[in-house]
Asks: 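Structure below; questions to follow.
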Amino acid sequence: MEKIIPSVKGTRDFYPEEMAIRSWLYQTLREVSESFGYQEYDGPFLEKIDLYAAKSGEELVKEQAFVFPDRGGDLITLRPELTPSLARMVAQRQRQLTFPLRWWSFGPFWRYERPQKGRTREFFQWNIDLIGANSPESDAELVAICVAFFKKTGLKPDQVGVFVNDRRLMDAELENLRITNPEMKKQVFRLIDRRDKMRPEDWAAYAIEVGLSVDQFEGLKAILDNKELWKNSPDMQRFFEALRAMGADEYVHYNPQVIRGLEYYTGTVFEAYDLARDGRAILGGGHYDNLVADVGGEPLPGVGFAMGDVMIGLVLQKYGCLPPLGISPADVLVTVFDETLLIESQKAARQFREMGLKTIGYTEVVRLPRQLKFADRMNIRFVAIVGPDEAAAGQVTVKDLVRGEQFTTTVLDAGELIKKMLA
RNA sequence: GUGGCUGUAGCUCAAUGGCAGAGCACCUGACUGUGGAUCAGGUGGUUGUGGGUUCGACCCCCAUCAGCCACCCCA
């Protein structure tokens with residue numbers, strides 16, 4: 001045998017078991033998204049590099065995207081995120097679309113990163129946005145959607161949580177500490193983001209390096225340790241009140257340390273975690289002032305989030321929330337007795353299918369035990385045997401592999417009985 | 001991009017520098033029109049790849065590829 005050419009680093013093969021999970025996830029996301037009245041959309045998987053160069057940092061495109069020249073010499077990128085494509089799609093029809101826009105998508109993305117737990121180079125992502133809305137209640141709606149997803153999958157509020165903050169609130173709090181320089185604020189945001197990843201003494205040293213005075217540093221720590229800080233913001237108060245009204249507050253926590261790396265978030269920011277702090281963020285999102293800022297067009301505020309399939313898959317597996325495996329591809333297997341009866345078996349299989357039963361007709365002439373074993377392995381509950389006796393009488397013998405019982409009757413009767421037993 | 005751990009049968013893993021093994025799975029039979037269970041037998045390997053050291057390498061060294069993990073980053 002020739003050597004098997006290995007798959008591309010960081011990609012996954014989806015065998016039927018994994019594919020079933022992916023399809024289930026897609027279906028669940030669809031149901032949750034649609035229950036809030038969101039419409040499905042998608043952009044191209046290939047985009048010109050310029051689309052990202054305009055908006056994202058140089059680093060993203062140069063180091064974390066798959067980029068290659070096409071035959072005409074243009075640089076093409078396998079999309080690393082959906083937002084720029086969304087911005088273009090919205091800007092192109094800004095005058096025709098009806099706002100507020102509620103759109104969702106689930107599709108593949110690529111990032112040239114080093115694979116590790118919860119991170120692959122090829123992954124699927126749920127993107128959902130409410131565009132052309134600017135209220136705390138619209139921000140709350142998106143958080144309520146991700147809570148609805150958790151509820152639907154069976155994840156409990158003591159297993160996962162959504163942590164929320166508001167950048168404008170943080171901005172105001174920093175102003176109170178006389179941190180007013182925009183560049184300085186950016187650095188302090190980064191400092192806040194790093195707090196949990198560094199030892200306290202290193203973090204303090206970093207704070208001094210950034211240029212904070214001792215008073216400012218103490219003030220910052222007080223802010224970050226204040227779980228009631230949200231009460232200083234009327235918008236956050238409205239946000240939490242809306243969440244309660246939507247029945248989502250159980251899962252949602254205020255955390256002044258949530259900042260998010262993305263520069264385009266301007267208001268509410270949030271991310272969901274396994275409460276055991278196991279692994280990376282499950283999802284992240286927030287409020288932005290202008291989706292189409294880099295594409296031109298009227299300023300368009302909105303709120304949205306993205307969730308990758310890899311991390312949520314790990315969390316769902318950890319908490320036993322994945323759908324059961326070993327689901328059968330068929331209800332009935334029609335066996336083949338010998339070459340002379342091959343056609344009879346195929347006719348019977350067709351009749352079963354026409355009655356709405358998922359039916360596999362064996363297409364090889366092999367010994368019966370082998371065919372029964374096949375049915376057993378494939379979790380096919382019913383085996384219909386068409387032997388010389390049955391063929392002569394216009395009947396089939398149906399064996400129920402779960403109960404170990406069997407009966408002989410016409411195909412039509414057998415089909416009805418099987419349907420009853422499956423119900 | 002940086003660092004650590006690991007690559008042996010289809011799978012999970014053994015093997016002081018001295019004959020490459022086990023369990024599970026698979027195949028055959030016991031059982032010529034009936035799956036699972038049991039028993040008996042059997043197939044299965046360029047030890048990731050390429051070099052080096054050695055009388056001799058799964059084992060030591062170098063490189064490389066892949067997987068996992070942590071950094072970095074997280075759109």
Side-chain angles (χ1 to χ4, degrees), chain A residues 1-13 15 47 51-65 77-87 109-121 123 125 127 129 190 193-194 197-198 259-265 269 271 278-286 288 291 294 304-308 310-311 314 333 335-338 341 345 362 365-391 396-408:
Chain A
M1 196 165 112
E2 286 184 38
K3 269 184 193 164
I4 295 170
I5 295 169
S7 54
V8 174
K9 181 175 182 146
T11 62
R12 292 165 292 167
D13 290 328
Y15 287 86
E47 291 278 13
L51 182 70
Y52 306 100
K55 177 194 154 292
S56 319
E58 288 285 293
E59 193 183 347
L60 162 61
V61 178
K62 280 187 180 165
E63 295 179 20
Q64 293 187 317
T77 303
L78 281 169
R79 62 179 188 185
E81 60 163 327
L82 190 57
T83 305
S85 305
L86 171 62
F109 295 87
W110 295 265
R111 292 179 196 169
Y112 196 82
E113 297 179 292
R114 192 118 169 209
Q116 58 187 265
K117 188 168 189 177
R119 190 165 84 181
T120 56
R121 285 184 173 183
F123 57 96
Q125 203 173 67
N127 283 267
D129 286 271
R190 176 155 176 78
D193 198 40
R194 303 278 302 154
K197 293 177 182 171
M198 299 174 80
I259 290 294
R260 306 286 308 153
L262 258 182
E263 281 188 32
Y264 64 69
Y265 291 132
V269 284
E271 51 197 21
D278 191 0
R280 324 169 68 76
I282 295 168
L283 59 83
Y288 40 84
L291 176 73
D294 299 305
F305 68 83
M307 181 186 82
V310 182
M311 195 58 219
L314 291 171
L333 175 77
T335 61
V336 174
F337 187 78
D338 61 22
L341 290 169
S345 291
Y362 216 88
V365 181
V366 299
R367 295 178 54 212
L368 198 53
R370 198 182 171 83
Q371 297 182 60
L372 279 154
K373 193 168 188 169
F374 173 80
D376 187 48
R377 291 282 178 80
M378 298 296 282
N379 276 317
I380 300 169
R381 180 169 171 189
F382 295 98
V383 174
I385 298 162
V386 185
D389 301 341
E390 289 87 349
V396 292
T397 294
V398 172
K399 178 162 185 174
D400 180 343
L401 295 193
V402 172
R403 299 194 181 184
E405 298 163 352
Q406 65 182 54
F407 56 87
T408 303

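Lettering of chains follows the sequences in order, A, B, ..., and the numbering in each one begins at 1.
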Asks: Say we look at B/U47 and B/U8: how far apart would their C1' atoms be, to the nearest angstrom?
Replies: 4 Å
Asks: Looking only at side chains, do A/Thr397 and A/Glu390 share a donor and an acceptor under 3.5 Å apart?
Replies: yes
Asks: Just how far is it from atom OH of A/Tyr264 to atom CG of A/Leu291, taken to the nearest 0.5 Å?
Replies: 8.0 Å
Asks: Roughly, in whole Å, what's the span from CE in A/Met198 to P in B/C73?
Replies: 11 Å
Asks: Do A/Arg121 side-chain atoms and A/Arg111 backbone N/O form a donor-acceptor pair below 3.5 Å?
Replies: no
Asks: Please report the interatomic distance CE(A/Met307) to CZ(A/Phe123), rounded to the nearest 0.5 Å.
Replies: 12.5 Å
Asks: Given the C1' atoms of B/U53 and B/C72, what is the spacing between them in whole Å?
Replies: 38 Å
Asks: Is the shortest heavy-atom distance from the side chain of A/Pro84 to the side chain of A/Glu47 under 4.5 Å?
Replies: no
Asks: For a 4.5 angstrom cut-off between non-hydrogen side-chain atoms, does A/Lys117 reach A/Leu314?
Replies: yes
Asks: If you measure from the P atom in B/A9 to the same atom in B/G48, how many Å do you get, rounded?
Replies: 8 Å
Asks: Could you tell me the separation between the OH atom of A/Tyr112 and the C1' atom of B/C72, rounded to a whole number of Å?
Replies: 16 Å
Asks: Which sits closer to the 5' end of RNA chain B, A/Thr11 or A/Arg194, going by the nucleotide each is nearest to?
Replies: A/Thr11
Asks: Under a 3.5 Å cut-off for both contacts, is B/A14 paired Watson-Crick or G-U wobble with anything, and if yes, with which nucleotide?
Replies: none
Asks: B/C68 phosphate, OP1 or OP2: any side-chain N/O from A/Gln116 under 4.0 angstrom?
Replies: no
Asks: Using only modelled atom types and a 3.5 angstrom limit, is any donor from either the side chain of A/Arg114 or the base of B/G3 paired with an acceptor on the other?
Replies: yes
Asks: Ignoring backbone atoms, test whether A/Arg280 places a side-chain nitrogen or oxygen under 4.0 Å from the OP1 or OP2 oxygen of B/C71.
Replies: no
Asks: Find the distance between CZ (A/Phe305) and CG (A/Asn127) and round it off to the nearest 0.5 Å.
Replies: 9.0 Å
Asks: Please determine, for the side chain of A/Arg119, which listed nucleotide (B/C71, B/U2, B/G67) has the closest atom?
Replies: B/C71
Asks: Any base atoms under 4.0 Å from A/Arg190, or only sugar-phosphate, or nothing? Heavy atoms, all strands.
Replies: sugar-phosphate
Asks: Return the value, rounded to whole Å, for the distance between atom CD of A/Glu271 and atom P of B/C74.
Replies: 12 Å
Asks: What's the CZ-P distance between A/Arg121 and B/C74, to the nearest Å?
Replies: 18 Å
Asks: Can you tell me how far P in B/G21 sits from the matching atom in B/G44, rounded to whole Å?
Replies: 13 Å
Asks: To the nearest Å, how far apart are A/Glu113 CD and B/U2 C1'?
Replies: 15 Å
Asks: Just wondering, do A/Tyr362 and A/Val383 contact through their side chains at under 4.5 Å, heavy atoms?
Replies: no
Asks: Can you tell me how far P in B/G50 sits from the matching atom in B/C59, rounded to whole Å?
Replies: 13 Å
Asks: Just how far is it from atom CG of A/Leu372 to atom CG of A/Leu333, taken to the nearest 0.5 Å?
Replies: 8.0 Å
Asks: I need the CG-C1' distance between A/Asp13 and B/A66, as an integer number of Å.
Replies: 14 Å
Asks: With rounding to the closest Å, how many angstrom separate the P atoms on B/A70 and B/A57?
Replies: 38 Å
Asks: Across all strands, who's sitting opposite B/G7 as a Watson-Crick or G-U wobble pair, both distances under 3.5 Å?
Replies: B/C65
Asks: Walk along nucleotides 30-38 of chain B from 5' to 3' and tag each nucleotide B, S or - by protein heavy-atom contact under 4.0 Å, base first, then sugar-phosphate.
Replies: --SBBBB--
Asks: Just to be sure I understand the rule, does A/Lys197 reach a base, reach only the sugar-phosphate, or reach nothing, if contact means heavy atoms closer than 4.0 Å?
Replies: base
Asks: State the pairing partner of B/U28; accept Watson-Crick or G-U wobble contacts with both distances under 3.5 Å, and report none otherwise.
Replies: B/A40
Asks: What integer number of Å spans the P atoms of B/G41 and B/C24?
Replies: 14 Å
Asks: Provide the distance between the two C1' atoms, one in B/C58 and one in B/A14, to the nearest whole Å.
Replies: 11 Å
Asks: What contact category does A/Gly10 fall into here, base, sugar-phosphate, or nothing, at under 4.0 angstrom with non-hydrogen atoms?
Replies: sugar-phosphate
